Amino acid sequence: MFFNSFHFAVFLPIVFVLYWFVCNKSKTTQNFLLIIASYYFYSCWNWHFLFLLIFSTLLDYYTALKIEENELPGYRKFWLWLSISINLGFLGVFKYYNFFADSFASLLHSFGFNVAPITLQLILPVGISFYTFHGLSYIIDIYYKRIKAEKNFVDYSLFVSYFPLLVAGPIERATHLLPQIKLKREFNFEKAKEGVYQIVWGLVKKVVIADSCANYANEVFNHYTSMNSLSLLLGAIYFAFQIYGDFSGYSDIALGTSKLFGLDLLRNFNYPYFSRDIAEFWRRWHISLSSWFRDYLYIPLGGSKGNKWFQVRNTFIIFIVSGFWHGASWTYVAWGFINALYFLPLLLLNRNRKNVDEFKIGFDWESLRTLLNISITFALSCLAWIFFRAKTISDALLYIKRMVQDQHFTEQYFSIERYSHELISLIIVFVIVEWNNRTKIEPISGKYSWIKLGLCLAAILALGVFSDYKEFIYFQF
């Protein structure tokens, strides 16, 4: 079930009505309803994998109780690593086994040994990377006594399986979501209205921006050998806005949907394409994943303590693991490595925490420098996105080589029967709106909210009819 489907448009109001008007007597009844709704939501993709979600929930619920019941370090560590090993084991088998098998066979082939890899015909369960990380953060927090183990199985099950965040995040923390789950919610009209506005804006990002960009980005990347420099340059930009509109759109819909049920989720995006350097970009892009790796990998590795060599080592580990988290392909590893290279000068010069404040633009030299830094950061991000989008590293390198060497900057007519200027106009309007909204909590709320809501709905209906890209990109991760 997709957020941008008719199925979800029917499912959400039904759950909303049952939640507030039938199951409103107690928080346990509300939570149980959301669990049933979440399991149905997940089973709409493939009900066979529902057992994996339930098993992961039971495993972490039980191991958390075992960790908390005994103070012996060895005992606690055994249950911690049992949970981590099984969770990462499932993730490794379903997501990474074939990748490692093929990579090992290719390595042996380069030494003259022809080996046929033994691969598994497995389907990647939707959302496994996300709900696995939900459970791991909970277990690790229990181990370090940051929180108490949750004894109410219904409450914990909802924390893991809550349908707005189940398949593509944000990656929630037990310290943030569980306390809300344990409280009975009362209906708040203003909060529900904010949720509706955020859902609509998320659909604008997905249907109007991401899906429109996908038409052009796919055309360019699938036929890059016949594209000139201008088209290849635009292709990288189109994909940058496609993945931003797609993923941040999903996150907005998830946050807005959750507000309808009185639960606040972690913010996942904070206008990352207006960042002044790569460090700021990663504080604004996929915030829940970046902070997860910071807290559960970077800091345990030593973080910023120690000499520069250890800081550099930890930084590269974080970025490469982050890239690999996105998928079993060397292109994702390369994408993470490139971002680590971008980050390296800031780290060595102690400038990685420089741009943490908000900024204003005026008619002065400082503002001009800020805009230049934003442009450079966006250009670097687009260059890295080429590796993220390409099928192989060779394709990415050839794409960049042709973009630099072709030197033809005439507009090309695509086989999708369009020129690029239509989409460029749409992107420019979107950037202006995003720039204007960057200091606001909700893009649609405020003055003339009903007019803005109407325009958004009209754009969704007008362009959604022609959208062929219903699935969200991050569902594959």
Side-chain angles (χ1 to χ4, degrees), residues 99 103 106 110 210 212-247 272-273 275-282 285-286 315-316 319-346 372-416 418-421 423-424 427 431 473-474 476-477:
F99 168 76
S103 297
S106 298
S110 66
S212 297
C213 288
N215 284 298
Y216 292 83
N218 289 347
E219 176 77 5
V220 173
F221 276 88
N222 291 339
H223 306 94
Y224 72 90
T225 55
S226 62
M227 295 290 171
N228 63 24
S229 290
L230 177 62
S231 295
L232 294 171
L233 178 63
L234 291 174
I237 295 173
Y238 295 154
F239 180 70
F241 280 98
Q242 179 194 350
I243 194 168
Y244 171 70
D246 190 283
F247 192 28
Y273 288 158
S275 302
R276 291 156 287 180
D277 58 43
I278 288 296
E280 185 181 16
F281 174 84
W282 281 105
W285 177 278
H286 203 345
T315 297
F316 272 84
F319 276 106
I320 291 173
V321 171
S322 177
F324 198 48
W325 176 89
H326 284 81
S329 171
W330 289 112
T331 55
Y332 297 122
V333 176
W335 172 73
F337 181 79
I338 290 167
N339 276 282
L341 290 178
Y342 290 163
F343 191 89
L344 186 59
L346 298 172
L372 179 61
N373 288 337
I374 291 173
S375 300
I376 292 172
T377 303
F378 177 70
L380 291 173
S381 299
C382 288
L383 187 64
W385 283 132
I386 293 173
F387 287 85
F388 193 97
R389 173 60 178 80
K391 295 178 180 178
T392 66
I393 292 178
S394 296
D395 284 334
L397 293 173
L398 289 172
Y399 185 107
I400 295 170
K401 180 181 178 181
R402 182 169 178 81
M403 182 171 62
V404 174
Q405 291 184 347
D406 178 76
Q407 295 296 309
H408 288 89
F409 294 93
T410 55
E411 188 176 18
Q412 289 183 287
Y413 188 71
F414 293 162
S415 62
I416 54 174
R418 290 188 180 95
Y419 284 107
S420 290
H421 57 260
L423 183 58
I424 293 172
I427 290 174
V431 170
I473 293 174
Y474 267 68
Q476 63 186 296
F477 305 140

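Note that the structure is predicted; figures quoted are calculated from it, not measured. Numbers here are sequence positions counted from 1.
- Residues satisfying the side-chain hydrogen bond (donor to acceptor under 3.5 Å, both in side chains) test with Ser212, not counting sequence neighbours, are none.
- The shortest heavy-atom contact between Tyr244 and Pro272 is CE1-CD, 3.6 Å.
- Here the shortest heavy-atom pairing between Arg276 and Glu280 reads N-OE1, 2.6 Å.
- Residues forming a salt bridge (charged side-chain N to carboxylate O under 4.0 Å, His left out) with Arg402 (at least two apart in sequence, or on another chain): Asp406.
- Within the model, atoms CD of Gln405 and CD of Gln407 stand 9.0 Å from one another, a figure rounded to the nearest 0.5 Å.
- Note: Ile400 CD1 to Asp395 CG = 11.0 Å, rounded to the nearest 0.5 Å.
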Task: Residue pair Phe409, Asn228: steps toward the side-chain contact (heavy atoms from CB on, under 4.5 Å) verdict - done: CA-CA 7 Å; Phe409 294 93; Asn228 63 24; over 6 Å; no
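- Note that the OG atom of Ser394 and the CG atom of Leu398 stand 6.5 Å from one another [nearest 0.5 Å].
- A side-chain contact (heavy atoms from CB on, under 4.5 Å) with Tyr238 is found for one member of Asn218, Ile424, Asn215 and no other, namely Ile424.
- Nearest heavy atoms, Ile386 versus Met403: CD1-CE, 4.1 Å.
- Every residue meeting the side chain to side chain contact (heavy atoms under 4.5 Å, CB included) condition with Leu372, not counting sequence neighbours, appears here in chain and number order: Ile376.
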- [ ] Begin with the C-alpha distance, continue with both residues' side-chain angles, and end with the deciding distance and a verdict on side-chain contact (heavy atoms from CB on, under 4.5 Å) for Phe239 and Val220.
- [x] CA-CA 10 Å; Phe239 180 70; Val220 173; over 6 Å; no
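- Here the straight-line distance linking atom CD1 of Ile320 with atom CD1 of Ile338 works out to 11.0 Å at 0.5 Å rounding.
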Open item on the list: For Thr392 and Trp330: C-alpha separation, side-chain torsions, deciding distance, then whether side-chain contact (heavy atoms from CB on, under 4.5 Å) applies.
Closed with: CA-CA 7 Å; Thr392 66; Trp330 289 112; over 6 Å; no
Open item on the list: Run Ser329 and Thr331 through side-chain hydrogen bond (donor to acceptor under 3.5 Å, both in side chains) and show every step you take.
Closed with: CA-CA 5 Å; Ser329 171; Thr331 55; 2.8 Å; yes
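- In this structure, CE on Met227 lies 9.0 Å from CG on Asn222, to the nearest 0.5 angstrom.
- Rounding to the nearest 0.5 angstrom, the gap separating the CH2 atom in Trp282 from the OG atom in Ser275 is 10.5 Å.
- Ala240 meets the side chain to side chain contact (heavy atoms under 4.5 Å, CB included) test with Tyr273, Phe378, Cys382, Trp385; sequence neighbours excluded.
- Looking at heavy atoms from C-beta onward, Cys213 lies in side-chain contact with Ile427 at the 4.5 angstrom threshold.
- Every residue meeting the ring-ring contact (aromatic ring centres under 6.0 Å, His included) condition with Phe337, not counting sequence neighbours, appears here in chain and number order: Phe316.
- The side chain to side chain contact (heavy atoms under 4.5 Å, CB included) search around Thr315 returns Tyr298, Phe319, Phe343, Leu347, not counting sequence neighbours.
- Ring geometry, Tyr224 versus Tyr399: the interplanar angle falls from 30° to 60°, so the pair is classed tilted.
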Task: side-chain contact (heavy atoms from CB on, under 4.5 Å) between Trp285 and Ile243, worked out - done: CA-CA 11 Å; Trp285 177 278; Ile243 194 168; 3.9 Å; yes
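- Between Gly323 and Tyr332, the shortest heavy-atom contact is O-CB, 3.0 Å.
- Side-chain atoms of Ile278 and Thr377, non-hydrogen and from C-beta on, do get closer than 4.5 Å to each other.
- Counting heavy atoms from C-beta on, the side chains of Ser381 and Asn339 never come closer than 4.5 Å.
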